[in-house]
Each structure stands twice: as C-alpha cells, then as structure tokens.
Amino acid sequence: MAAALGGFGLLQGRVGLAAAAAATFFSRPGCRALVWGDGAVFSSAGRSYSFEAKEEEEELRVRYLDDEHKGIVVLGLNRSHARNALNKNLLKMMSKAVDALKSDKKVRTVIFRSEVPGIFCAANLPVPTIAAIDGTALGGGLELALACDIRVAACSAKMGLVETKLAIIPGAGGTQRLPRIIGVSLAKELIFSARTVDGEEAKSIGLISHVVEQNEAGDAAYRRALVLAREFLPQGPLAMRVAKLAINQGMEVDLVTGLAIEEACYAQTIPTKDRIEGLLAFKEKRPPCYKGE
C-alpha cells in the first residue's frame with residue numbers, strides 16, 4: 001500500500017469540500033482492545049480508559065488479537081447509521097490508528113473489515129495489510145481496499161468504482177491503483193461504465209486474491225483473511241517489512257533500478273538479530289523466535 005496515506009489526504013480534502021459546499025494502537029503491554037471515536041476508549045489489563053467517547057461514536061474499532069492470532073490487528077469500520085460512508089471524522093480516526101500501528105513492532109499483519117453486516121467501506125502501514133470484503137465496497141470503500149496489499153472477498157460481495165455515475169471520478173487513488181492491479185484497459189472499462197462486479201468476477205480479473213462462499217454469520221472473507229494472516233505470523237517481521245518496501249518501491253521504477261532497490265533492502269536484513277536467530281533455529285532444527293530486531 002505504497003501511497004495509501006496520500007489517499008487519506010485526498011479523501012479528507014474531498015469530504016471537506018463537500019461539507020463546505022453543503023454548508024454543512026498503541027504498543028502498550030496487555031492492550032487487547034482499542035476503539036477510536038470522537039474520543040477514544042480502550043481496555044488494558046482489565047481497566048477502561050475513556051476520553052469523552054460514547055458507544056454510538058465508536059466508528060472505528062481496533063482489536064489486537066490473542067493466542068494463535070497474536071500479532072494480528074483488526075481495524076473494523078462501524079458507521080452502521082451511515083452504511084460506513086466516509087466522513088472527515090472517520091478518516092481522521094483511521095489516520096490516528098495507522099500512526100499508532102506504524103510504531104508498534106509487535107504488529108505483524110493488519111486486517112481491514114466492516115463491523116456493519118453487508119458493507120465494507122488502508123493507510124501507509126509497513127506491515128502486510130488485508131482487506132476483508134464481506135459486503136458492498138463501492139467508490140471510496142473499494143479505493144480503501146485497493147490500498148491494501150491483499151484483498152479477500154465473499155462471492156456475494158459487490159465492488160466497483162461508480163463515481164462516473166455522479167459525474168465525478170475516483171479521487172482517492174482509484175484511477176491509479178486499479179490499472180496497476182487489473183490492467184489499464186479493463187480498469188478504464190470498469191470506471192467508464194461504473195459497473196460493479198461480484199466476488200467471482202473480481203477474482204477472475206485479478207481485483208482480489210481470494211474468493212469464498214459467504215457463511216450464515218456473513219464474515220467468510222474475514223475468516224479467510226485470518227487464515228491468511230496466520231501464515232504470515234511465523235516469518236521474520238523485519239524481513240516482511242523490508243520485502244514490502246522493496247516490492248512497493250520496485251513496482252514504480254524500471255527493472256534495473258528495482259534490482260538495486262532489492263539489493264539495498266536485502267542489505268538491511270543482514271545485520272539483524274532476527275537473521276542470526278533464523279540461522280540458529282535452522283541449525284538446531286527448531287522454530288525460530290523472532291523479535292523484530
């Protein structure tokens with residue numbers, strides 16, 4: 001998600017202009033749940049902290065998972081009254097949450113999902129990010145998903161950049177990320193027609209990486225994203241961050257420059273304690289215990 005933070009800025013600016021025209025995660029030991037609203041509420045070690053937030057204002061929920069999912073953080077969009085429509089407040093909360101996660105070395109993978117059934121509506125994070133689309137992701141919702149490294153969707157999900165129906169264009173990265181993901185010609189077709197696709201078609205054109213049958217709980221994509229995230233957990237956290245950096249930067253340049261970027265990134269992993277631990281674990285025939293150092 002090389003330029004997702006820029007996407008946040010564009011979205012914030014667009015929402016601000018619309019409002020004017022209408023005149024209108026912390027690296028804390030033991031932290032298990034974090035909720036961003038107009039204020040913030042989080043629980044840690046059995047205690048609750050509140051900053052002028054009300055339950056109905058908890059529009060962004062950040063959960064640090066435990067046990068076999070430790071290292072996975074779930075960002076849940078929760079504007080049920082507005083069907084997860086993006087506004088300045090939600091975007092501000094997402095930016096704050098992302099800033100907190102950036103500096104948390106314990107975070108290995110971030111999953112973006114909707115807490116509102118049937119609606120998906122991520123951020124320049126250095127760790128892998130997965131968008132779990134269990135419902136509808138149109139316009140800005142899909143643009144947020146495009147900013148993630150990997151997208152997983154239910155077969156019943158609906159996705160599309162439909163802005164041309166409103167006589168505007170995708171303005172938060174859609175015109176740039178979609179062609180890079182599915183190809184220029186097909187991206188133009190989808191944007192020009194404002195057409196929506198379901199999970200099966202999205203998989204066939206390369207818009208998503210995985211498609212799953214929806215379950216009774218309506219969270220099949222989220223559950224598949226968790227399985228995928230667990231595959232990432234055993235790997236060296238520094239190596240994953242550097243690999244993401246090498247891929248993202250390399251995709252923006254020619255092959256020769258990309259290989260130079262890869263060489264520079266590879267060199268960053270050599271002096272790390274994790275590399276030594278990986279070699280020792282291999283020699284001693286045991287699972288490595290990486291610390292991100």
Side-chain angles (χ1 to χ4, degrees), residues 1 3-15 18 36 59-62 74-95 97-98 110-125 129-166 168-182 187 190-191 193-199 201-203 205 207-211 214 218-222 224-225:
M1 208 168 32
L5 197 57
F8 271 130
L10 288 171
L11 279 168
Q12 288 172 328
R14 189 169 66 179
V15 171
W36 291 95
E59 297 181 343
L60 181 65
R61 296 175 177 174
V62 184
V74 179
L75 270 67
L77 306 180
N78 190 46
R79 297 194 74 221
S80 58
H81 61 285
R83 296 175 62 84
N84 279 351
L86 302 174
N87 65 359
K88 291 176 65 176
N89 187 54
L90 179 58
L91 292 169
K92 182 178 180 181
M93 290 186 288
M94 293 179 71
S95 293
V98 165
V110 176
I111 297 175
F112 289 83
R113 67 170 302 201
S114 172
E115 302 284 342
V116 181
I119 302 292
F120 178 88
C121 182
N124 189 14
L125 285 166
T129 56
I130 305 173
I133 308 171
D134 275 306
T136 300
L138 302 177
L142 180 57
E143 287 179 293
L144 289 179
L146 291 173
C148 291
D149 299 311
I150 300 166
R151 286 159 296 284
V152 180
C155 59
S156 58
K158 299 296 182 184
M159 292 155 273
L161 295 179
V162 297
E163 286 87 346
T164 52
K165 284 186 177 181
L166 304 175
I168 59 174
I169 71 169
T175 63
Q176 302 306 305
R177 292 193 179 96
L178 188 62
R180 285 168 166 80
I181 293 172
I182 68 172
L190 292 182
I191 292 174
S193 65
R195 191 167 76 238
T196 61
V197 298
D198 61 17
E201 185 175 358
K203 175 65 169 63
I205 64 177
L207 178 57
I208 62 175
S209 300
H210 303 274
V211 60
Q214 188 56 281
D219 65 351
Y222 169 63
R224 181 65 181 89

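Everything numeric in this text was worked out from a predicted model, so none of it was measured.
- Under a 3.5 Å cut-off, the side chain of Thr196 and the backbone N or O of Gly160 do not form any donor-acceptor pair.
- Summarising the geometry of Glu201 relative to Asp198, their closest heavy-atom pair is N-OD1, 2.9 Å, with the distance given to 0.1 Å.
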Run the side chain to side chain contact (heavy atoms under 4.5 Å, CB included) test on Leu161 and Ile169 for me, step by step, so that the C-alpha distance in whole Å, both residues' side-chain angles and the decisive distance to 0.1 Å come before the verdict.
CA-CA 8 Å; Leu161 295 179; Ile169 71 169; over 6 Å; no
So Ile130 and Arg151, side chain to side chain contact (heavy atoms under 4.5 Å, CB included) or not? Walk me through it.
CA-CA 6 Å; Ile130 305 173; Arg151 286 159 296 284; over 6 Å; no
Report the C-alpha separation of Leu190 and Ile205 in whole Å, then their side-chain angles, then the decisive distance to 0.1 Å, and conclude whether the side chain to side chain contact (heavy atoms under 4.5 Å, CB included) test is met.
CA-CA 11 Å; Leu190 292 182; Ile205 64 177; 4.0 Å; yes
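- Across every non-hydrogen atom of Glu143 and Gly173, the tightest pair is OE2-N, 3.4 Å.
- With rounding to the nearest 0.5 Å, the separation of CZ in Arg180 from CG in Leu146 is 12.0 Å.
- Looking at every heavy atom in both residues, Ala153 comes nearest to Ile208 through CB-CD1, 3.7 Å.
- Contact detail for Ala157 and Ile133: the closest heavy-atom pair is CB-O, 3.7 Å.
- Note that the CG atom of Leu207 and the CD1 atom of Ile181 stand 6.5 Å from one another [nearest 0.5 Å].
- Across all their heavy atoms, Leu125 and Val98 have their closest contact at CD2-O, 3.7 Å.
- Across Ala202 and Val197, no two heavy atoms sit closer than the pair CB-CG2, 4.0 Å.
- For the side-chain contact (heavy atoms from CB on, under 4.5 Å) test with Leu75, the passing option among Val110, Ile111, Thr129 is Val110; the others fail.
- Under the side-chain contact (heavy atoms from CB on, under 4.5 Å) criterion, Ala154 pairs with Asp134, Ser156, Gln214, sequence neighbours left out.
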